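Everything on this sheet refers to the single structure shown next.
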Amino acid sequence: NEKENIQISNDAIITIVTTAAKEVEGVVGIHQQLETNLKTMFNKKKVMSGVELTLSDDTQRINIDCAITVEYGYELTPVGIKVQEKIKEAEIIVGVPSVELLQNPEVNCPKLKFIQMTWAGADIYTQSAIPFPKDRITVANASGAYGMTISQFIVGQILSLMQNFPAYHTQQLNGKWQRLGKTLSLEKNKVLVFGTGDIGTTTAKRLTGFDCYTIGVCRNTAKQRPYFNELCTLDEAERFLPQADVVVCCIPNSNETAGYLNKQRLNLMKQDAVLVNVGRGNFIDCMALDEVLRNGRLWGAALDVTNPE
């Protein structure tokens with residue numbers, strides 16, 4: 001945010017705090033975007049030089065971590081070092097440290113001014129039971145970094161389910177070939193997309209290649225949103241569930257969205273509808289979904305997230 005007046009020293013330590021392989025790869029994925037953001041914010045020509053990558057104990061990741069070090073010039077802090085000690089000195093953190101850690105009296109993050117998240121959703125901070133210290137720390141999420149990858153995942157999962165790929169793959173592994181009945185086509189389908197942000201919009205763009213009619217669920221339907229044929233609010237979305245051949249969920253977590261796709265609404269969907277969730281796990285009542293699927297309703301579901309996560 002160029003309007004923020006944040007002063008960062010020339011020898012700022014950028015600490016990447018992560019325990020998950022997915023996050024380490026995600027950091028590399030948004031490296032160029034991050035570098036551009038930091039250059040703009042802090043007016044530094046070489047903001048990525050001298051960066052320290054702090055990792056928790058994860059011996060399986062050593063080789064990949066070293067590859068990152070070589071490619072991007074990171075100085076790799078020895079694996080096993082106490083993350084808390086590094087955070088005390090950090091002015092910028094790339095990652096998603098918990099509010100509990102940030103507010104821990106033993107850590108306190110006295111120098112921390114900026115957190116660059118590697119997630120698109122920021123509800124870990126905005127809806128935390130422990131208040132986030134927003135008066136002294138600025139947060140930027142990674143919205144815009146995942147549209148290309150996740151939209152391909154969504155379309156891939158839809159096609160995989162419609163064409164029975166998982167079952168045929170199991171047959172292939174067992175050296176068998178048996179027709180499994182009808183398949184579905186994505187061509188000219190009606191697709192209901194909950195969420196019209198980066199992931200939702202990029203998914204709608206991908207679906208134009210199949211001549212789909214795409215309905216986007218968003219707060220502001222007056223705003224023009226490319227690649228969507230129609231827009232509706234969350235309150236209006238229920239009437240489209242019986243019409244949709246595919247339902248895609250990539251909506252941020254909020255009080256309004258939690259538990260939205262309950263048993264009643266799942267049963268409104270078409271008998272052969274496909275459901276994909278890449279947003280937040282609590283958008284769907286997973287126990288109800290389990291029951292609906294076991295009862296033979298819906299063609300199938302692809303879940304990148306669940307409740308609990």
Side-chain angles (χ1 to χ4, degrees), residues 1-58 61 65 68-69 72-146 252-253 309:
N1 186 340
E2 295 181 29
K3 295 181 181 179
E4 295 286 350
N5 182 22
I6 304 173
Q7 300 298 321
I8 301 294
S9 64
N10 291 330
D11 57 349
I13 298 174
I14 301 177
T15 302
I16 298 177
V17 182
T18 181
T19 58
K22 183 179 179 181
E23 286 191 29
V24 175
E25 293 166 355
V27 169
V28 176
I30 65 171
H31 177 274
Q32 291 182 337
Q33 177 183 336
L34 170 64
E35 184 171 16
T36 300
N37 288 349
L38 293 178
K39 281 181 179 178
T40 301
M41 289 186 66
F42 309 125
N43 195 26
K44 298 169 69 176
K45 294 181 179 180
K46 296 181 179 180
V47 297
M48 301 308 289
S49 62
V51 172
E52 295 189 14
L53 177 60
T54 299
L55 300 172
S56 60
D57 292 295
D58 192 348
R61 297 291 299 170
D65 296 336
I68 295 173
T69 304
Y72 293 108
Y74 289 115
E75 177 186 346
L76 185 63
T77 302
V79 175
I81 192 169
K82 290 184 177 180
V83 175
Q84 290 187 3
E85 295 302 317
K86 301 302 297 184
I87 290 181
K88 284 182 180 180
E89 299 300 317
E91 296 181 71
I92 302 170
I93 291 179
V94 180
V96 192
S98 67
V99 180
E100 289 82 359
L101 182 61
L102 297 176
Q103 297 285 52
N104 187 328
E106 296 182 6
V107 180
N108 197 30
C109 305
K111 300 181 181 180
L112 185 61
K113 298 182 178 70
F114 180 67
I115 295 175
Q116 171 64 60
M117 298 181 66
T118 53
W119 299 354
D123 51 289
I124 185 177
Y125 298 137
T126 59
Q127 298 186 28
S128 171
I130 301 175
F132 180 80
K134 60 183 180 180
D135 56 325
R136 59 185 180 87
I137 301 174
T138 298
V139 175
N141 67 4
S143 179
Y146 297 108
N253 182 35
E309 299 284 7

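Remember, predicted model here, so these are calculated numbers, not experimental data.
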> Quick one: CG on Leu112 to CD1 on Ile93, what's the gap to the nearest 0.5 Å?
Replying inline: 4.5 Å

If you compare all heavy atoms of [X] against all heavy atoms of [Y], which two are closest, and at what distance to 0.1 Å?
{"X": "Ile124", "Y": "Val99", "answer": "O-CG2, 3.8 Å"}
{"X": "Ile137", "Y": "Phe114", "answer": "CG2-N, 4.3 Å"}
{"X": "Gln103", "Y": "Pro131", "answer": "NE2-O, 3.0 Å"}

>> Tell me whether Gln116 contacts the main-chain N or O of Ile92 through its side chain, where contact means a donor paired with an acceptor under 3.5 Å.
In response: no

> Hey, does the side chain of Asn141 reach the backbone of Gly121 with a donor-acceptor pair shorter than 3.5 angstrom?
Replying inline: no

>> Within the structure provided, determine whether Asp123 and Pro252 are in side-chain contact (heavy-atom separation under 4.5 Å).
In response: no

> Do the non-hydrogen side-chain atoms of Tyr125 and Pro133 ever get within less than 4.5 Å of each other?
Replying inline: no

> So among Arg136, Lys113, Lys111, which one has a salt bridge (charged side-chain N to carboxylate O under 4.0 Å, His left out) with Glu91?
Replying inline: Lys113

